[in-house]
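Single-structure report; data block below.
Treat the numbers as computed from the prediction; the structure is a model and nothing was measured. Keep in mind that the numbers below use all heavy atoms, side chains included, and drop hydrogens, waters and symmetry copies.
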Amino acid sequence: MKSLPAQLRALWMRILGVLRPARADADFHAELESHIAMHTDDFVRAGLTPVEARRQALIRLGGVEQTRQAHRERRVLPQVESIVRDLAYGARSLRKNPTITAIAVLSIGLGIGANATIFSMISRFVLRPPPVGDPSTLLSLHTTRTGEPCCNDFSLPMFNDVREQARSFSGVAAYYELLPASIGGAGEPQRIWGQAVSTNFFGVTRVPLILGRGFIDGEERQPKVVLGAGLWQRRFNGDKDIVGKSVILSGRTFTVVGVTSGLFHSVDQILYTGRTHTTGGRDGSTRSDDGRLELKLSPPGSQGSGTNPEQLFAAGYAACFHSALKVVARRARQDADGSTVTAEVGIGPINGGAGYGLEVALVVSLPGVERAVAEELVAKAHEVCPYSNATRGNIKVDLEVE
Amino acid sequence: MGDKKDVWQGTLALMVLKTLESMGPQHGYGLARRIEQTSGDLLQLNYGTLYPALLKLEQEGYVRSKWGISENNRRAKFYELTKAGQRQVSKAAAEWEETTEILARFLTPAEGA
(Lines give C-alpha, C1' and ligand atoms only; values in the text may rest on other atoms or scores of the structure.)
Protein backbone atom coordinates (compact mmCIF):
# COMPACT_ATOMS: atom_id res chain seq x y z
CA MET A 1 0.00 0.00 0.00
CA LYS A 2 2.65 2.47 1.08
CA SER A 3 6.30 2.94 0.59
CA LEU A 4 8.60 2.13 3.42
CA PRO A 5 9.88 5.66 3.92
CA ALA A 6 6.32 6.84 4.60
CA GLN A 7 5.95 4.18 7.25
CA LEU A 8 9.27 5.00 8.82
CA ARG A 9 8.44 8.66 8.77
CA ALA A 10 5.10 7.97 10.43
CA LEU A 11 6.85 5.90 13.08
CA TRP A 12 9.32 8.68 13.76
CA MET A 13 6.56 11.26 14.02
CA ARG A 14 4.80 9.02 16.50
CA ILE A 15 7.92 8.67 18.57
CA LEU A 16 8.11 12.46 18.61
CA GLY A 17 4.42 12.44 19.52
CA VAL A 18 5.25 10.64 22.73
CA LEU A 19 7.64 13.40 23.66
CA ARG A 20 5.36 16.41 23.38
CA PRO A 21 1.86 15.29 24.15
CA ALA A 22 0.50 18.44 25.80
CA ARG A 23 1.18 20.77 22.91
CA ALA A 24 -0.27 18.42 20.32
CA ASP A 25 -3.31 17.85 22.46
CA ALA A 26 -3.99 21.56 22.82
CA ASP A 27 -3.50 22.05 19.11
CA PHE A 28 -5.95 19.33 18.24
CA HIS A 29 -8.42 20.64 20.78
CA ALA A 30 -8.32 24.00 19.01
CA GLU A 31 -8.77 22.30 15.67
CA LEU A 32 -11.81 20.41 16.89
CA GLU A 33 -13.32 23.54 18.37
CA SER A 34 -12.89 25.28 15.04
CA HIS A 35 -14.50 22.31 13.28
CA ILE A 36 -17.48 22.40 15.64
CA ALA A 37 -17.78 26.16 15.29
CA MET A 38 -17.85 25.97 11.50
CA HIS A 39 -20.35 23.16 11.48
CA THR A 40 -22.51 25.02 14.03
CA ASP A 41 -22.39 28.11 11.79
CA ASP A 42 -23.71 26.04 8.91
CA PHE A 43 -26.52 24.56 10.96
CA VAL A 44 -27.47 28.03 12.21
CA ARG A 45 -27.57 29.28 8.65
CA ALA A 46 -29.80 26.33 7.86
CA GLY A 47 -32.24 27.57 10.50
CA LEU A 48 -31.39 25.75 13.72
CA THR A 49 -31.08 27.55 17.03
CA PRO A 50 -27.43 27.96 18.10
CA VAL A 51 -27.85 25.43 20.89
CA GLU A 52 -29.44 22.82 18.66
CA ALA A 53 -26.92 23.60 15.93
CA ARG A 54 -24.00 22.87 18.23
CA ARG A 55 -25.68 19.73 19.47
CA GLN A 56 -26.11 18.46 15.91
CA ALA A 57 -22.52 19.35 15.07
CA LEU A 58 -21.32 17.30 18.03
CA ILE A 59 -23.47 14.36 17.03
CA ARG A 60 -22.10 14.39 13.49
CA LEU A 61 -18.58 14.61 14.82
CA GLY A 62 -19.18 11.45 16.81
CA GLY A 63 -18.23 12.86 20.19
CA VAL A 64 -15.41 15.18 21.17
CA GLU A 65 -13.82 12.83 23.67
CA GLN A 66 -13.92 9.83 21.35
CA THR A 67 -12.35 11.85 18.57
CA ARG A 68 -9.65 13.22 20.84
CA GLN A 69 -8.91 9.75 22.11
CA ALA A 70 -8.63 8.31 18.60
CA HIS A 71 -6.40 11.19 17.63
CA ARG A 72 -4.20 10.73 20.68
CA GLU A 73 -3.81 7.03 19.95
CA ARG A 74 -2.74 7.76 16.42
CA ARG A 75 -0.39 10.48 17.58
CA VAL A 76 1.76 8.28 19.79
CA LEU A 77 3.17 4.81 19.42
CA PRO A 78 0.71 1.97 19.66
CA GLN A 79 0.04 0.65 23.07
CA VAL A 80 3.52 -0.50 23.96
CA GLU A 81 2.53 -1.19 27.51
CA SER A 82 -0.52 -3.14 26.53
CA ILE A 83 1.57 -5.37 24.28
CA VAL A 84 3.93 -6.07 27.14
CA ARG A 85 0.94 -6.78 29.34
CA ASP A 86 -0.52 -9.18 26.78
CA LEU A 87 2.74 -11.05 26.47
CA ALA A 88 3.10 -11.42 30.21
CA TYR A 89 -0.48 -12.55 30.51
CA GLY A 90 -0.08 -15.06 27.70
CA ALA A 91 3.02 -16.54 29.27
CA ARG A 92 1.31 -16.76 32.64
CA SER A 93 -1.79 -18.49 31.41
CA LEU A 94 0.26 -20.88 29.35
CA ARG A 95 2.20 -21.93 32.41
CA LYS A 96 -0.99 -22.26 34.39
CA ASN A 97 -2.79 -24.15 31.73
CA PRO A 98 -0.54 -26.40 29.71
CA THR A 99 -3.46 -28.26 28.21
CA ILE A 100 -2.88 -26.94 24.81
CA THR A 101 -5.69 -27.74 22.47
CA ALA A 102 -5.31 -29.92 19.48
CA ILE A 103 -5.65 -26.83 17.36
CA ALA A 104 -3.04 -25.11 19.36
CA VAL A 105 -0.42 -27.46 18.16
CA LEU A 106 -1.38 -26.55 14.65
CA SER A 107 -2.08 -22.92 15.02
CA ILE A 108 0.76 -21.79 17.18
CA GLY A 109 2.22 -19.67 14.47
CA LEU A 110 4.90 -18.25 16.73
CA GLY A 111 2.78 -15.28 16.03
CA ILE A 112 3.52 -12.87 18.83
CA GLY A 113 6.11 -11.36 16.61
CA ALA A 114 6.65 -7.93 15.29
CA ASN A 115 3.50 -7.61 13.32
CA ALA A 116 1.10 -9.06 15.82
CA THR A 117 0.34 -5.71 17.30
CA ILE A 118 -3.19 -5.71 18.42
CA PHE A 119 -6.47 -7.03 17.24
CA SER A 120 -8.15 -3.86 16.17
CA MET A 121 -9.06 -4.39 12.57
CA ILE A 122 -12.38 -6.09 12.22
CA SER A 123 -13.65 -7.00 8.84
CA ARG A 124 -17.13 -8.08 8.14
CA PHE A 125 -17.86 -11.01 5.94
CA VAL A 126 -18.54 -9.03 2.86
CA LEU A 127 -19.65 -11.22 0.07
CA ARG A 128 -22.10 -13.93 0.88
CA PRO A 129 -23.36 -14.46 4.39
CA PRO A 130 -21.77 -17.59 5.79
CA PRO A 131 -24.13 -20.37 6.83
CA VAL A 132 -24.16 -19.44 10.48
CA GLY A 133 -26.72 -18.42 13.03
CA ASP A 134 -26.65 -14.68 12.47
CA PRO A 135 -24.07 -13.56 9.91
CA SER A 136 -24.54 -9.90 10.72
CA THR A 137 -23.15 -10.41 14.21
CA LEU A 138 -20.18 -12.45 13.11
CA LEU A 139 -16.89 -10.70 12.57
CA SER A 140 -13.49 -11.92 11.59
CA LEU A 141 -10.56 -10.56 13.56
CA HIS A 142 -7.32 -9.45 12.07
CA THR A 143 -4.24 -7.87 13.48
CA THR A 144 -3.03 -4.60 12.10
CA ARG A 145 0.38 -3.54 11.18
CA THR A 146 1.09 0.18 11.30
CA GLY A 147 -2.59 0.77 10.94
CA GLU A 148 -3.08 -1.44 7.91
CA PRO A 149 -5.05 -4.65 8.18
CA CYS A 150 -2.70 -7.56 8.19
CA CYS A 151 -3.14 -11.10 9.22
CA ASN A 152 -5.54 -13.35 11.01
CA ASP A 153 -2.97 -15.87 12.13
CA PHE A 154 -3.38 -15.43 15.84
CA SER A 155 -1.15 -17.49 18.04
CA LEU A 156 -2.87 -19.50 20.73
CA PRO A 157 -1.81 -17.25 23.61
CA MET A 158 -3.05 -14.27 21.71
CA PHE A 159 -6.31 -15.98 20.86
CA ASN A 160 -6.75 -16.86 24.54
CA ASP A 161 -6.13 -13.26 25.52
CA VAL A 162 -8.64 -11.98 23.03
CA ARG A 163 -11.14 -14.58 24.06
CA GLU A 164 -10.81 -13.76 27.74
CA GLN A 165 -10.35 -10.04 27.63
CA ALA A 166 -12.23 -8.66 24.67
CA ARG A 167 -15.50 -7.34 26.02
CA SER A 168 -16.94 -6.24 22.72
CA PHE A 169 -17.75 -9.78 21.68
CA SER A 170 -20.13 -12.31 23.14
CA GLY A 171 -17.68 -15.00 22.12
CA VAL A 172 -14.43 -15.46 20.23
CA ALA A 173 -13.69 -18.73 18.46
CA ALA A 174 -10.74 -19.81 16.36
CA TYR A 175 -10.37 -22.03 13.37
CA TYR A 176 -7.38 -23.30 11.52
CA GLU A 177 -7.10 -23.35 7.80
CA LEU A 178 -8.15 -26.40 5.83
CA LEU A 179 -6.37 -29.58 6.82
CA PRO A 180 -6.13 -32.61 4.60
CA ALA A 181 -6.89 -36.01 6.04
CA SER A 182 -7.51 -39.41 4.64
CA ILE A 183 -10.60 -41.17 5.78
CA GLY A 184 -10.37 -44.90 6.20
CA GLY A 185 -12.67 -47.56 7.62
CA ALA A 186 -15.12 -49.26 5.32
CA GLY A 187 -14.53 -48.62 1.64
CA GLU A 188 -11.70 -47.00 -0.26
CA PRO A 189 -9.54 -44.51 1.62
CA GLN A 190 -10.39 -41.05 0.46
CA ARG A 191 -8.83 -37.66 0.80
CA ILE A 192 -11.02 -35.16 2.57
CA TRP A 193 -10.62 -31.69 4.00
CA GLY A 194 -11.34 -30.60 7.49
CA GLN A 195 -10.81 -27.73 9.78
CA ALA A 196 -9.54 -27.65 13.33
CA VAL A 197 -11.55 -25.35 15.53
CA SER A 198 -11.65 -24.23 19.13
CA THR A 199 -14.19 -26.03 21.30
CA ASN A 200 -16.48 -23.01 21.42
CA PHE A 201 -16.60 -22.70 17.64
CA PHE A 202 -20.09 -24.08 17.15
CA GLY A 203 -21.44 -22.06 20.06
CA VAL A 204 -19.99 -18.83 18.77
CA THR A 205 -20.84 -19.26 15.10
CA ARG A 206 -24.13 -20.99 15.77
CA VAL A 207 -23.55 -23.23 12.82
CA PRO A 208 -26.65 -25.40 12.65
CA LEU A 209 -26.18 -29.08 13.45
CA ILE A 210 -28.55 -31.75 12.24
CA LEU A 211 -27.29 -34.45 14.59
CA GLY A 212 -25.52 -34.49 17.91
CA ARG A 213 -23.71 -31.44 19.18
CA GLY A 214 -20.64 -29.30 18.64
CA PHE A 215 -17.56 -29.50 20.84
CA ILE A 216 -17.68 -28.67 24.52
CA ASP A 217 -15.11 -27.22 26.86
CA GLY A 218 -12.73 -29.84 28.10
CA GLU A 219 -12.64 -31.66 24.78
CA GLU A 220 -9.64 -29.68 23.57
CA ARG A 221 -7.30 -32.60 23.37
CA GLN A 222 -9.80 -35.33 22.71
CA PRO A 223 -10.13 -36.93 19.31
CA LYS A 224 -13.63 -35.72 18.55
CA VAL A 225 -14.98 -34.75 15.18
CA VAL A 226 -18.05 -33.05 13.74
CA LEU A 227 -18.84 -34.27 10.24
CA GLY A 228 -20.09 -32.15 7.38
CA ALA A 229 -23.41 -33.28 5.96
CA GLY A 230 -21.91 -34.02 2.55
CA LEU A 231 -19.34 -36.45 3.91
CA TRP A 232 -21.91 -37.96 6.24
CA GLN A 233 -24.23 -38.69 3.32
CA ARG A 234 -21.53 -39.92 0.96
CA ARG A 235 -19.44 -41.92 3.27
CA PHE A 236 -21.85 -43.06 5.94
CA ASN A 237 -25.08 -43.19 3.92
CA GLY A 238 -26.63 -40.62 6.22
CA ASP A 239 -26.43 -42.97 9.21
CA LYS A 240 -28.76 -41.45 11.80
CA ASP A 241 -26.91 -43.25 14.59
CA ILE A 242 -23.49 -41.99 13.64
CA VAL A 243 -23.02 -39.96 16.82
CA GLY A 244 -20.78 -41.87 19.17
CA LYS A 245 -19.32 -44.03 16.41
CA SER A 246 -15.69 -43.96 15.41
CA VAL A 247 -14.13 -42.77 12.19
CA ILE A 248 -10.51 -43.15 11.23
CA LEU A 249 -8.83 -40.00 9.98
CA SER A 250 -5.26 -40.27 8.78
CA GLY A 251 -4.81 -43.38 10.88
CA ARG A 252 -6.21 -41.95 14.10
CA THR A 253 -9.53 -42.84 15.58
CA PHE A 254 -11.97 -40.00 16.19
CA THR A 255 -15.39 -40.15 17.79
CA VAL A 256 -18.21 -38.42 15.94
CA VAL A 257 -20.06 -35.97 18.16
CA GLY A 258 -22.23 -34.22 15.61
CA VAL A 259 -23.13 -33.54 11.99
CA THR A 260 -23.52 -30.05 10.54
CA SER A 261 -26.34 -29.04 8.24
CA GLY A 262 -25.85 -29.36 4.51
CA LEU A 263 -25.05 -25.71 4.02
CA PHE A 264 -21.92 -25.64 6.02
CA HIS A 265 -18.53 -26.06 4.48
CA SER A 266 -16.46 -23.57 6.41
CA VAL A 267 -16.77 -20.01 7.50
CA ASP A 268 -14.38 -19.09 4.75
CA GLN A 269 -16.14 -17.93 1.68
CA ILE A 270 -16.58 -19.50 -1.67
CA LEU A 271 -16.15 -16.35 -3.70
CA TYR A 272 -17.55 -17.46 -6.96
CA THR A 273 -18.95 -20.66 -8.34
CA GLY A 274 -18.49 -21.41 -12.01
CA ARG A 275 -20.98 -23.85 -13.45
CA THR A 276 -20.91 -25.54 -16.81
CA HIS A 277 -23.05 -28.17 -18.42
CA THR A 278 -21.57 -30.72 -20.75
CA THR A 279 -23.33 -33.07 -23.14
CA GLY A 280 -21.99 -35.77 -25.37
CA GLY A 281 -18.65 -36.32 -23.63
CA ARG A 282 -15.55 -35.91 -25.75
CA ASP A 283 -17.68 -35.49 -28.83
CA GLY A 284 -20.21 -33.04 -27.57
CA SER A 285 -20.41 -29.52 -26.26
CA THR A 286 -20.05 -27.62 -23.07
CA ARG A 287 -21.57 -24.33 -22.00
CA SER A 288 -21.62 -22.24 -18.88
CA ASP A 289 -24.87 -21.37 -17.20
CA ASP A 290 -24.35 -17.66 -17.86
CA GLY A 291 -23.76 -18.28 -21.58
CA ARG A 292 -20.28 -16.75 -21.53
CA LEU A 293 -18.69 -20.01 -22.52
CA GLU A 294 -19.96 -22.20 -25.31
CA LEU A 295 -17.65 -24.72 -26.90
CA LYS A 296 -17.80 -27.77 -29.08
CA LEU A 297 -15.80 -30.77 -27.96
CA SER A 298 -13.99 -33.23 -30.21
CA PRO A 299 -11.49 -35.95 -29.36
CA PRO A 300 -7.87 -34.83 -29.84
CA GLY A 301 -6.52 -35.89 -33.21
CA SER A 302 -9.98 -36.38 -34.70
CA GLN A 303 -11.41 -34.48 -37.65
CA GLY A 304 -13.80 -32.62 -35.35
CA SER A 305 -13.44 -28.87 -34.95
CA GLY A 306 -14.03 -28.82 -31.22
CA THR A 307 -11.71 -28.37 -28.29
CA ASN A 308 -10.99 -30.96 -25.60
CA PRO A 309 -10.62 -31.17 -21.81
CA GLU A 310 -6.82 -30.96 -22.00
CA GLN A 311 -6.93 -27.66 -23.86
CA LEU A 312 -9.55 -26.36 -21.50
CA PHE A 313 -7.47 -27.36 -18.50
CA ALA A 314 -4.41 -25.76 -20.05
CA ALA A 315 -6.31 -22.54 -20.74
CA GLY A 316 -7.81 -22.51 -17.25
CA TYR A 317 -4.54 -23.24 -15.51
CA ALA A 318 -2.61 -20.67 -17.54
CA ALA A 319 -5.21 -17.99 -16.92
CA CYS A 320 -5.34 -18.82 -13.23
CA PHE A 321 -1.60 -18.87 -12.90
CA HIS A 322 -1.18 -15.64 -14.80
CA SER A 323 -3.68 -13.88 -12.62
CA ALA A 324 -1.92 -15.17 -9.49
CA LEU A 325 1.40 -14.07 -10.94
CA LYS A 326 0.15 -10.55 -11.45
CA VAL A 327 -1.11 -10.39 -7.90
CA VAL A 328 2.22 -11.52 -6.40
CA ALA A 329 4.17 -9.26 -8.73
CA ARG A 330 2.11 -6.28 -7.69
CA ARG A 331 2.60 -7.13 -4.03
CA ALA A 332 6.34 -7.34 -4.61
CA ARG A 333 6.22 -4.11 -6.62
CA GLN A 334 7.53 -5.82 -9.68
CA ASP A 335 6.57 -5.14 -13.23
CA ALA A 336 4.43 -7.87 -14.77
CA ASP A 337 3.66 -5.95 -17.93
CA GLY A 338 4.01 -8.02 -21.05
CA SER A 339 4.11 -11.28 -19.10
CA THR A 340 2.70 -14.43 -20.62
CA VAL A 341 1.98 -17.95 -19.43
CA THR A 342 1.95 -20.94 -21.73
CA ALA A 343 0.51 -24.16 -20.40
CA GLU A 344 0.96 -27.66 -21.75
CA VAL A 345 -1.28 -30.37 -20.44
CA GLY A 346 -0.43 -33.96 -21.26
CA ILE A 347 -2.70 -36.93 -20.71
CA GLY A 348 -1.65 -40.52 -20.41
CA PRO A 349 -2.40 -43.78 -18.65
CA ILE A 350 -1.47 -44.18 -14.99
CA ASN A 351 -1.61 -47.05 -12.50
CA GLY A 352 -0.85 -49.58 -15.22
CA GLY A 353 -3.70 -48.39 -17.38
CA ALA A 354 -6.32 -48.41 -14.61
CA GLY A 355 -6.93 -44.73 -15.14
CA TYR A 356 -5.62 -41.67 -16.87
CA GLY A 357 -3.55 -38.87 -15.43
CA LEU A 358 -2.47 -35.40 -16.40
CA GLU A 359 0.81 -33.62 -16.31
CA VAL A 360 1.32 -29.93 -16.66
CA ALA A 361 4.16 -27.72 -17.81
CA LEU A 362 3.87 -23.98 -17.37
CA VAL A 363 6.24 -21.69 -19.21
CA VAL A 364 6.23 -18.20 -17.84
CA SER A 365 7.67 -15.17 -19.53
CA LEU A 366 8.24 -12.10 -17.40
CA PRO A 367 10.17 -9.68 -19.59
CA GLY A 368 10.05 -6.85 -17.07
CA VAL A 369 12.07 -8.45 -14.28
CA GLU A 370 15.34 -10.21 -13.71
CA ARG A 371 15.43 -13.94 -13.95
CA ALA A 372 16.04 -14.62 -10.26
CA VAL A 373 13.18 -12.35 -9.29
CA ALA A 374 10.97 -13.92 -11.93
CA GLU A 375 11.66 -17.38 -10.54
CA GLU A 376 10.77 -16.20 -7.08
CA LEU A 377 7.53 -14.65 -8.29
CA VAL A 378 6.62 -17.82 -10.16
CA ALA A 379 7.23 -19.87 -7.03
CA LYS A 380 5.01 -17.54 -5.06
CA ALA A 381 2.30 -17.60 -7.70
CA HIS A 382 2.40 -21.38 -7.47
CA GLU A 383 1.39 -21.03 -3.81
CA VAL A 384 -1.43 -18.64 -4.63
CA CYS A 385 -2.98 -20.07 -7.79
CA PRO A 386 -6.02 -22.23 -6.99
CA TYR A 387 -5.23 -24.67 -9.80
CA SER A 388 -1.77 -25.19 -8.30
CA ASN A 389 -3.28 -25.73 -4.89
CA ALA A 390 -5.83 -28.16 -6.27
CA THR A 391 -3.26 -30.27 -8.09
CA ARG A 392 -0.34 -30.14 -5.65
CA GLY A 393 0.96 -33.52 -4.69
CA ASN A 394 -1.29 -35.22 -7.21
CA ILE A 395 0.08 -34.51 -10.64
CA LYS A 396 3.39 -33.40 -12.01
CA VAL A 397 3.55 -29.65 -12.58
CA ASP A 398 6.71 -28.24 -14.12
CA LEU A 399 7.40 -24.54 -13.88
CA GLU A 400 9.77 -22.87 -16.24
CA VAL A 401 10.81 -19.26 -16.56
CA GLU A 402 11.56 -18.29 -20.11
CA MET B 1 -30.99 6.19 -0.99
CA GLY B 2 -28.99 3.07 -0.43
CA ASP B 3 -27.41 2.09 2.82
CA LYS B 4 -24.93 4.45 4.34
CA LYS B 5 -21.67 2.64 4.10
CA ASP B 6 -19.03 2.39 6.71
CA VAL B 7 -15.81 4.02 5.72
CA TRP B 8 -12.71 2.08 6.28
CA GLN B 9 -9.36 3.56 6.83
CA GLY B 10 -7.47 3.08 3.62
CA THR B 11 -10.37 4.20 1.49
CA LEU B 12 -10.86 7.26 3.60
CA ALA B 13 -7.20 8.19 3.23
CA LEU B 14 -7.49 7.90 -0.53
CA MET B 15 -10.64 10.01 -0.57
CA VAL B 16 -8.91 12.66 1.50
CA LEU B 17 -5.88 12.74 -0.79
CA LYS B 18 -8.02 12.82 -3.89
CA THR B 19 -10.17 15.63 -2.51
CA LEU B 20 -7.11 17.67 -1.60
CA GLU B 21 -5.72 17.04 -5.04
CA SER B 22 -8.77 18.33 -6.82
CA MET B 23 -9.83 21.07 -4.39
CA GLY B 24 -6.56 22.40 -3.05
CA PRO B 25 -5.98 23.12 0.65
CA GLN B 26 -8.97 22.40 2.87
CA HIS B 27 -9.74 22.38 6.55
CA GLY B 28 -10.99 19.21 8.19
CA TYR B 29 -14.58 20.28 8.27
CA GLY B 30 -14.50 21.26 4.61
CA LEU B 31 -12.97 17.92 3.71
CA ALA B 32 -15.62 16.02 5.62
CA ARG B 33 -18.42 17.91 3.89
CA ARG B 34 -16.78 17.48 0.54
CA ILE B 35 -16.30 13.75 0.91
CA GLU B 36 -19.88 13.34 1.96
CA GLN B 37 -21.07 15.41 -0.99
CA THR B 38 -18.88 13.67 -3.53
CA SER B 39 -20.12 10.30 -2.41
CA GLY B 40 -23.63 11.53 -3.21
CA ASP B 41 -24.49 11.26 0.46
CA LEU B 42 -24.20 7.50 0.14
CA LEU B 43 -21.46 7.66 2.67
CA GLN B 44 -22.00 9.24 5.99
CA LEU B 45 -18.95 9.29 8.12
CA ASN B 46 -18.63 10.47 11.64
CA TYR B 47 -16.66 13.58 10.95
CA GLY B 48 -14.44 12.75 13.89
CA THR B 49 -13.00 9.71 12.13
CA LEU B 50 -11.42 12.02 9.62
CA TYR B 51 -8.93 13.51 12.04
CA PRO B 52 -6.93 10.41 12.94
CA ALA B 53 -6.80 9.68 9.21
CA LEU B 54 -5.48 13.18 8.51
CA LEU B 55 -2.93 12.82 11.27
CA LYS B 56 -1.75 9.55 9.82
CA LEU B 57 -1.35 11.11 6.39
CA GLU B 58 0.57 13.95 7.96
CA GLN B 59 2.85 11.55 9.82
CA GLU B 60 3.49 9.76 6.58
CA GLY B 61 4.39 13.02 4.94
CA TYR B 62 1.57 12.98 2.39
CA VAL B 63 -0.11 16.12 3.70
CA ARG B 64 1.00 19.09 5.77
CA SER B 65 -1.10 21.43 7.82
CA LYS B 66 -1.04 25.00 8.96
CA TRP B 67 -3.43 27.35 10.69
CA GLY B 68 -5.28 29.88 8.55
CA ILE B 69 -8.58 31.69 8.26
CA SER B 70 -11.66 30.00 6.84
CA GLU B 71 -13.99 31.45 4.22
CA ASN B 72 -16.27 32.50 7.06
CA ASN B 73 -13.55 34.13 9.07
CA ARG B 74 -12.96 31.34 11.51
CA ARG B 75 -9.51 30.23 12.51
CA ALA B 76 -9.02 26.78 11.03
CA LYS B 77 -6.28 24.31 10.33
CA PHE B 78 -5.79 23.77 6.62
CA TYR B 79 -4.39 20.63 5.05
CA GLU B 80 -2.58 20.48 1.75
CA LEU B 81 -0.98 17.81 -0.36
CA THR B 82 2.80 17.47 -0.32
CA LYS B 83 4.84 16.29 -3.31
CA ALA B 84 4.93 12.82 -1.81
CA GLY B 85 1.19 13.09 -1.33
CA GLN B 86 0.67 13.84 -5.01
CA ARG B 87 2.67 10.79 -5.97
CA GLN B 88 0.75 8.74 -3.44
CA VAL B 89 -2.62 9.79 -4.89
CA SER B 90 -1.82 8.41 -8.30
CA LYS B 91 -0.25 5.28 -6.87
CA ALA B 92 -3.06 4.58 -4.44
CA ALA B 93 -5.68 5.35 -7.06
CA ALA B 94 -4.09 2.87 -9.44
CA GLU B 95 -3.92 0.23 -6.74
CA TRP B 96 -7.50 0.89 -5.83
CA GLU B 97 -8.63 0.48 -9.41
CA GLU B 98 -6.79 -2.78 -9.64
CA THR B 99 -8.35 -4.04 -6.43
CA THR B 100 -11.85 -3.12 -7.47
CA GLU B 101 -11.26 -4.67 -10.86
CA ILE B 102 -10.21 -7.93 -9.25
CA LEU B 103 -13.19 -7.88 -6.94
CA ALA B 104 -15.49 -6.99 -9.80
CA ARG B 105 -14.40 -10.14 -11.57
CA PHE B 106 -15.54 -12.14 -8.60
CA LEU B 107 -18.77 -10.29 -8.22
CA THR B 108 -20.03 -9.50 -11.70
CA PRO B 109 -21.29 -12.95 -12.64
CA ALA B 110 -24.16 -12.09 -10.31
CA GLU B 111 -24.80 -15.77 -10.02
CA GLY B 112 -24.06 -17.04 -6.56
CA ALA B 113 -24.55 -20.58 -5.45
Measure [X] against the heavy atoms of chain B and call it side chain, backbone, both or neither at under 4.5 Å.
X	result
A/R330	side chain
A/L32	side chain
A/A57	neither

Side chains of [X] and [Y], heavy atoms from C-beta outward: is any pair under 4.5 Å?
X	Y	result
A/D27	B/K77	yes
B/S70	A/M38	yes
A/R68	B/Y51	no

Salt bridge present between B/R75 and A/E31 (N-O < 4.0 angstrom) | no

Highest number of heavy-atom pairs under 4.5 Å with chain A: which of B/G28, B/S65, B/A76, B/G48?
-> B/G48

Mind checking side chain to side chain donor-acceptor pair (under 3.5 Å) for B/Y29 and listing every partner two or more places apart, or none if nothing turns up?
-> A/D42, B/R33

Search all heavy atoms of B/N46 against all heavy atoms of A/L61 and return the closest pair with its distance.
-> CB-O, 3.8 Å

Looking at A/H71 and B/L55, what are the two nearest heavy atoms and their distance?
-> O-CD2, 3.5 Å

Give the intermediate values and the outcome of side-chain contact (heavy atoms from CB on, under 4.5 Å) for residues A/R60 and B/E36.
-> CA-CA 12 Å; A/R60 291 294 285 109; B/E36 201 166 273; 2.4 Å; yes

